[in-house]
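All of these numbers come straight from a predicted model, not from anything done at the bench.
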Amino acid sequence: MAGATAAKVRVLPYKDFLQPALQRRFATSGLVILVVAYLEALLLASWDSCWLCLVWVNQTSANIRTQTVLWAWFPLGPAGIRTFFFFLCGVLIITLRIAQHHPGVRTTSSPFATFLDSLRSFNTLETILTYAFSAWAFSQVYLWCLSEDAGLEYISYYHADRARLNEKAVFLTTHCVLVGVWHGLRHLFSDVDRLHYGIAKPPPRDADKKADKKANADDGDFNTQLQKLAQKLPEIVVFTLTQALTSTTATMITYSVFLRGFVWRFTMSLFRPVYNLPKTNMTPMTLPFSLTIILRCLWTSVLLTFVWTLGNEAFSLFMVKNPLKNNKPLTSESRDPNGSLLNGLKAKKLSIQCFAMWELAYIARDFPDRRKAIYEDIDRKNGPMWSQIYKICIDVLKQIETRIDNYEKYGKPTVPDPALDLDRNRAPEKKRLTETVPRDEEVFQPSPQRRGYREAIERTVGKIATDPGQPSQLSPRARKIAEFAKEELIKAQKQATGTDDTEGLAKDFATKFVESPFGWPFRQTYRRGVAKVLLGEPFGEVSLYANAAFALSGLAVRSLQEDKYGYVQRDVAGLVRTLTGLVRKVEGFREGVVVSWTDVEGRRESREVEEILEGLRWSLRGVVDGFGDYARDVGLSLGDLRLAREAAGVKKAVREEEEKEVKGRRLRLAGGETAAAGVKITEEDVMGRRLR
């Protein structure tokens with residue numbers, strides 16, 4: 001048995017097979033950056049000496065033919081040196097991605113909450129500094145590649161040994177660093193570190209099966225990912241040009257208004273110990289914004305943005321290539337494939353668990369040999385392989401149900417009821433055990449009501465004219481003055497706002513602020529709230545739950561022909577009931593979520609919910625269709641089937657079941673005495689039985 005063999009063989013961890021695959025994909029992304037770096041190095045070459053030159057040299061004694069070949073594009077020449085440094089600038093970014101990549105979406109309540117989380121994270125500083133350093137290194141290599149005629153040396157000599165700091169070079173360097181800071185912030189804002197894992201969706205059952213079969217088979221394949229990268233090239237080029245224009249304009253304004261003095265003094269302090277520079281730190285009279293320097297800033301922005309963007313896209317595509325090697329699952333090379341896969345499914349790191357679940361879904365769909373190995377592995381420690389897989393996948397799916405229950409029990413917002421508020425205000429307050437300072441208020445006063453802004457001001461105005469240490473009331477004249485002040489305050493409020501309802505005015509102001517572009521960071525949208533509950537915090541990956549459902553469904557359905565021990569059919573009833581309950585739970589949760597007042601659009605749409613429901617319904621439909629004829633044998637009642645089909649989206653489920661039962665009874669009674677006597681089993685019989 002596979003389990004007996006596994007007991008004698010050391011089970012290799014799943015990461016021992018995943019990490020080499022990820023390293024190969026990282027190398028592929030690096031190769032893309034290397035090609036781009038080489039092309040950019042050629043663009044910065046001096047093309048006057050790039051061609052094959054034939055020079056005939058005439059000497060006094062004889063004509064000697066000298067052939068001089070200048071290979072400016074030769075990898076071991078200057079182009080190779082530029083390529084190496086440009087490659088380092090690009091590979092810094094994908095190295096950052098290796099350290100910070102994560103599966104799933106960020107499940108925060110609002111963009112402002114995301115900002116607060118990022119502000120406290122070291123990854124934010126690391127990202128900005130990495131982009132800034134990459135841009136600075138690129139600028140130094142670019143300045144080194146230029147000729148002396150460009151006039152972009154840091155130190156220029158006007159008369160003899162009088163050295164002067166060249167502000168054009170300083171501005172170009174500052175521009176590149178600011179572009180790096182901007183792209184670092186955009187990297188964090190757009191959550192570029194997220195990896196979109198695939199879903200091993202079963203082939204369709206309808207007429208489009210042939211059309212979609214190849215797409216499903218090649219999902220995540222290297223060639224497919226390469227084609228996707230090629231298709232995104234026009235979009236990357238447009239994005240690069242747009243970012244170059246925007247960043248150049250922004251850096252010119254930022255440098256001249258905010259940073260010029262500081263950058264000039266800082267650069268002077270760096271070069272003054274080496275060169276004989278003036279003692280004063282006074283900036284030049286004119287700005288360094290000539291047409292040539294602006295065009296060079298645009299050009300460097302294009303080169304930087306293109307290598308960063310293409311590198312990030314290549315990394316995001318190649319790193320989520322399907323968990324296959326040579327068209328076989330990653331764990332196929334293990335001495336105990338089932339044990340290594342089981343180790344990955346139990347991993348605590350989300351990315352490893354997602355890859356292992358993705359591989360399991362592929363096995364359930366495309367690899368009969370591995371499925372049979374799972375069915376036949378019954379002597380494994382802690383139970384048969386199928387039982388352990390079933391428990392792990394069910395536990396993963398039930399995490400959704402647990403989060404929904406916790407939300408409904410503890411965190412669900414409720415719409416305030418005025419009647420309940422009135423009863424709550426009328427309820428007596430509990431006596432405090434701590435001793436409090438006596439307040440200068442009337443003893444016999446009504447129960448405390450909710451005070452608004454106007455009541456607070458009136459109370460304050462009344463206290464101003466009263467001495468806190470004097471128990472006596474206001475004099476008649478002072479009372480008239482206080483009342484006059486209240487009336488004038490109310491009149492001023494009406495003239496300014498048109499209403500004396502301060503609470504309603506504040507709410508209207510808050511709503512208008514949230515609807516404006518400045519209020520966008522504070523919007524708590526329906527999609528964010530639903531994803532936070534269903535997927536958990538701080539990140540949640542939809543593919544983990546979809547692949548878990550597809551893996552269970554695929555293994556259960558194919559066990560009808562491949563499971564010779566019959567272990568799978570014991571859990572079919574529990575699987576159907578679990579999937580049915582989950583579908584109904586998620587649908588009820590989706591309809592019952594209260595939309596926040598900050599969600600100005602109010603759209604009750606969530607792509608994450610739809611993907612989870614699609615996976616659950618598809619899996620449930622496959623199990624019901626596969627075991628419908630054996631429902632009673634596996635412990636499913638007609639009620640379970642009806643609920644499962646309704647949850648799976650199968651319409652007329654009850655009607656189909658009744659018609660099927662009618663036909664079965666007709667066939668059984670076709671040759672009997674009941675049929676000879678003319679007794680017919682009709683639909684009315686079934687409906688009468690249901691009523692009884």
Side-chain angles (χ1 to χ4, degrees), residues 37 39-50 72 77-79 81-86 88-90 131-182 240 243-245 247-256 259-278 281-308:
L39 294 177
E40 292 185 355
L42 293 183
L43 291 176
L44 296 179
S46 178
W47 286 98
D48 295 338
S49 58
C50 286
I81 299 176
R82 291 192 296 269
T83 301
F84 173 74
F85 286 107
F86 289 164
L88 290 181
C89 295
Y131 271 92
F133 178 77
S134 174
W136 175 83
F138 186 91
S139 67
Q140 303 311 300
V141 178
Y142 178 79
L143 291 175
W144 170 72
C145 295
L146 299 178
S147 62
E148 296 182 358
D149 298 335
L152 287 177
E153 301 88 357
Y154 276 107
I155 303 297
S156 58
Y157 296 90
Y158 292 98
H159 301 286
D161 60 344
R162 293 183 58 186
R164 292 292 184 270
L165 182 62
N166 188 359
E167 192 179 8
K168 292 183 179 180
V170 174
F171 170 67
L172 182 63
T173 304
T174 306
H175 164 75
C176 292
V177 173
L178 290 178
V179 169
V181 172
W182 162 249
T240 300
Q243 290 293 315
L245 290 172
S247 59
T248 302
T249 305
T251 52
M252 290 174 61
I253 298 174
T254 305
Y255 178 81
S256 58
L259 299 178
R260 189 186 184 198
F262 169 75
V263 172
W264 180 264
R265 291 190 298 270
F266 177 76
T267 311
M268 288 285 287
S269 64
L270 290 179
F271 284 96
R272 188 174 283 122
V274 181
Y275 297 94
N276 185 19
L277 295 175
N281 289 328
M282 183 179 297
T283 57
M285 299 297 294
T286 58
L287 292 171
F289 300 150
S290 62
L291 180 60
T292 304
I293 195 65
I294 292 175
L295 292 178
R296 290 192 181 278
C297 288
L298 284 171
W299 183 233
T300 54
S301 299
V302 168
L303 297 179
L304 269 174
T305 305
F306 185 76
V307 69
W308 286 341

Check the angle between the aromatic planes of Phe262 and Phe266 and answer parallel, tilted or perpendicular using the 30° and 60° thresholds. parallel

- Pro288 vs Ile293 side-chain heavy atoms within contact, under 4.5 Å: no

The reported gap from CG in Leu143 to OH in Tyr154 (rounded to nearest 0.5 angstrom) is 5.0 Å

#### Entry: Minimum side-chain heavy-atom gap Leu298-Val302 below 4.5 Å
no

task: I would like to know whether Val170 and Met268 meet side-chain contact (heavy atoms from CB on, under 4.5 Å); could you show each step before the answer?
output: CA-CA 10 Å; Val170 174; Met268 288 285 287; over 6 Å; no

Side-chain contact test, heavy atoms from C-beta onward, threshold under 4.5 Å: evaluate it for Phe86 versus Leu303 and give yes or no. no

Distance col, row Trp308:CH2 vs Leu304:CG, nearest 0.5 angstrom, shows 4.5 Å

Looking only at heavy atoms, the pair that brings Arg260 and Leu287 closest together is NH1-CD2, 3.3 Å

*Determine whether Phe306 and Gln243 make a side-chain contact, defined as any pair of heavy atoms from C-beta on separated by less than 4.5 Å.*
no

Worksheet item: Quick one: does Asn166's side chain have a donor or acceptor within less than 3.5 Å of a partner on Gly151's backbone?
Response: yes

Pair Phe85 + Trp144: ring centers closer than 6.0 Å:
no

CG of Leu39 to CG of Leu44, rounded to nearest 0.5 Å, is 11.5 Å

Decide yes or no for Arg296 and Leu152: does some side-chain heavy atom of the first lie under 4.5 Å from some side-chain heavy atom of the second?
yes

The reported gap from CZ in Phe171 to CZ in Phe289 (rounded to nearest 0.5 angstrom) is 4.5 Å

dist Tyr255:OH -> Leu172:CG (nearest 0.5 Å) comes out at 11.0 Å

- Are Leu259 and Leu178 side-chain neighbours, meaning at least one heavy-atom pair lies under 4.5 Å? yes

query = Does CH2 in Trp182 sit with more than 12 non-hydrogen atoms of other residues, nucleotides or ligands closer than 6.0 Å?
reply = no

For Val307 and Gly90, the nearest pair of non-hydrogen atoms, with its separation, is CG2-CA, 4.4 Å

Flag side-chain contact, heavy atom, 4.5 Å: Leu165 against Ile155: yes

Scanning both residues in full, the closest heavy-atom pair of Ala150 with Leu146 reads CB-CB, 4.1 Å

Smallest heavy-atom separation, Gly180 atom then Tyr131 atom, equals O-CB, 3.1 Å

Heavy-atom nearest pair, Arg164 first then Pro278, reads NH1-CG, 3.7 Å

OG of Ser147 to CD of Glu153, rounded to nearest 0.5 Å, is 8.5 Å

- Answer yes if the side chains of Glu40 and Tyr142 hold a donor-acceptor pair under 3.5 Å, and no otherwise. no

*Is there a side-chain contact between Glu167 and Thr283, using heavy atoms and a 4.5 Å cut-off?*
no

For Thr248 and Thr251, the nearest pair of non-hydrogen atoms, with its separation, is O-OG1, 2.9 Å

Going by atom types alone, do His175 and Ser139 pair a side-chain donor with an acceptor below 3.5 Å? no

